[in-house]
Amino acid sequence: MSLRRKFAVAILLLSLIIAISSVVLSGKYLEIRSARRFQESLIASYRSIEQVSMSLNEYLIMGNARAESQLQALIHARGCDTVFPSLGKWDDEYPVMRQVLRKHDDFHRTLELLHTLIEENKRDTLVFRETAALSQLLTHELKMYILGVLSEMGSRLQTETHRLFTVIFVGLFIVFLSLVFFLYWFNQTVLSRLLPLDALAANMAFGDYSRDVPVSGNDEITTLARSFNTMRSAVQASLQEISAEKDKIDIILSSIGDAVVAFDLAGHPILLNGAAERLCALTHEEALQCDQRTLFTLRSLAGDVLHPVDMVLRTGEPIDSKDAMELVRSDGSALMIAHSASPLRTDTKEIAGVVLVLRDVSEEFRLREMMIQNEKMLSVGGLAAGMAHEINNPLAGIMQTAEVLETRLLGTVSGNRQAAERCGITLDALRLYIEDRKIDEMLRIIHDSGKRVSQIVDNMLGFARKSDARSSTHQVTDLIDQALELARTDYDLKKQYDFKSIKIEKDYEADLPPVFCDAGKLQQVFLNIFSNGAHAMQNAEIKKPPCFSIRVWFDPEKSDICLEIADNGPGMSESVRKRVFEPFFTTKPVGVGTGLGLSVSYFIITRDHRGSMDVRSAPGEGATFIITLPVQR
């Protein structure tokens, strides 16, 4: 039998039991209610008869008009009473009611006779007195009969009430037992078989698809259990396929070197690969809590802020940017990237989101800038060499003339003495004048400056004609320390400010390998960087103490020594940073800088030592020079 039929039979039996119990209880209740009404009618009749008896006694004693009027009204009311005669239907239940009714008829006729005698004013006759006495006797007998009926009825009502409560209790007990049996049957037949289905649904909600529901019987729940098992198997197979596809997608995404981020229509990321996490400098969970504006910011080189996701959602067209742009991460750091964005569409061609692909081109951008810088340097290399040849001739004359001046002014040769005597002065007086006017120091400055210019010229010649004749292995950290000592004692630096007031912070990696290099040229590079940084910090008048931070470490992958020399000066704008290594480019006033120091340094590092030199700077953030030198050449 199917569960539906079983359930219908059970409901029918339970309804039949409840209906029978209700009919029995209703019948008993109606019997008791009718008996109660009969009892109330008898009591009302008893009270009415009692009132007539009392009024008759008062009339016989008092005999006044008020008593007479009251007695006549009660006699008339008894004559109009239709309730008492209707109680004759209870004579089968209570046989004494027959006597009560006969006595009531005699009592009624006696009252009518009294009423007639009173109206005929025969109150003093013997007939009236005998009729009144008969009425009193009938009243007493009638009340006694009614009290007997009421007594018997009270006993019966009490018995019937007990029976009613017994029937109610038995009925309720039967209904209770029926409900308990029905609930037990419902639990065994329905609930105990539905609970495994509920447990299976809960397991599926938590991702457990390994168990089936036991199948037994041949009813609707059995069919439902089979459907659940079929559904579980289908869902498990679908999830396995989805998981396999997701694994493939994850493998593909993780294998892509470019950053891939998928956004929904609200601009929130819903999927990103490991490259995107690294590019944004965020964990997967942190990235999913962001939107496109807090995840990163894209700026063109002109400074315009771009939101490619918004552009694609607005236009519905893909974007493929071929120009490098600046990506500012949530921590404030920036990268150069190339990007493309395409809309995600559903089967109905509606836009469901955007896929953004980002590629870090910072290194490519830096290399392109370096290549441009190298091309610039190579293009001026020949010019620099030619200019160096042209400078050498007047420079040689200047240095030679300075040496001749020193010899003729300070030398002790006989020609100097004879010339002094002809002029009427002594050499000692001339020397005192020269020392007092510091002409000797000026001559020494001319001589030293000529040497430095000569060295710069030699380096410029080396751009076109490089030689490693003076190269050997040196510790870069020793060369940096020696350059710092030279900077502390350099006259030109001392003349403007005290280099010793600048704080030096060193971070040298231990056990650095030596570098095959030209020590003098590297010292010149370091000295140029220190000189330019000191000049920038001094002119900017920064509030915090001026400081150089020097870090040196070894890169085992490239076998390079890496250096970073950073100052806390005013920094450079992007336009200045791009031209800082160009020959003759300077930001110093006319007559103060030549614009050759950093360009010469650049050629020393890149051409003479086959390394790299770059600068990282922004206004208000100081400048950092990055140098790499190969350990072996």
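Residue indices begin at 1 and follow the sequence shown.
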Going by atom types only, do N528 and S601 share a side-chain donor-acceptor pair under 3.5 Å?
yes

Minimum-distance pair of heavy atoms, taken over all atoms of [X] and [Y]:
X    : Y    : value
A483 : Q523 : CB-O, 4.0 Å
G611 : P630 : CA-CD, 4.0 Å
A534 : F548 : N-CZ, 3.6 Å
P269 : F263 : N-CD2, 3.7 Å
V312 : I351 : O-CD1, 4.4 Å
P318 : S342 : CB-OG, 3.8 Å

Quick check against the 3.5 Å criterion: does [X] have a side-chain atom that pairs as donor or acceptor with the backbone of [Y]?
X    : Y    : result
Q475 : L512 : yes
N568 : S549 : no
S531 : L527 : no
D264 : A266 : yes
T473 : V515 : no
D567 : P546 : no

Quick one, [X] and [Y] - any side-chain contact, counting heavy atoms below 4.5 Å?
X    : Y    : answer
V615 : L598 : no
C517 : L479 : yes
I626 : R551 : no
L484 : I550 : yes
L629 : L522 : yes
V525 : H609 : no
V580 : Y602 : no
I480 : F530 : yes

Rounded to the nearest 0.5 Å, how far does [atom2] of [Y] lie from [atom1] of [X]?
X    : Y    : atom1 : atom2 : value
R610 : I605 : CZ    : CD1   : 14.0 Å
T401 : I446 : OG1   : CD1   : 9.5 Å
I565 : I504 : CD1   : CD1   : 10.0 Å
I627 : D560 : CD1   : CG    : 12.5 Å
L563 : M613 : CG    : CE    : 10.0 Å
E245 : S238 : CD    : OG    : 12.0 Å

Step by step, would you call K506 with D481 a side chain to side chain contact (heavy atoms under 4.5 Å, CB included)?
CA-CA 10 Å; K506 300 178 182 178; D481 293 339; 2.9 Å; yes

I would like to know whether H339 and I319 meet side chain to side chain contact (heavy atoms under 4.5 Å, CB included); could you show each step before the answer?
CA-CA 8 Å; H339 75 279; I319 297 174; 4.2 Å; yes

Apply the test side chain to side chain contact (heavy atoms under 4.5 Å, CB included) to residues F554 and V476: give CA-CA distance (whole Å), side-chain angles for both, the deciding distance (0.1 Å), then the verdict.
CA-CA 11 Å; F554 176 65; V476 173; over 6 Å; no

Let's go through R577 and D614 carefully: what are the C-alpha distance in whole Å and the side-chain angles of both, what is the deciding distance for side chain to side chain contact (heavy atoms under 4.5 Å, CB included) to 0.1 Å, and is it a yes or a no?
CA-CA 9 Å; R577 186 193 69 81; D614 197 7; 4.1 Å; yes

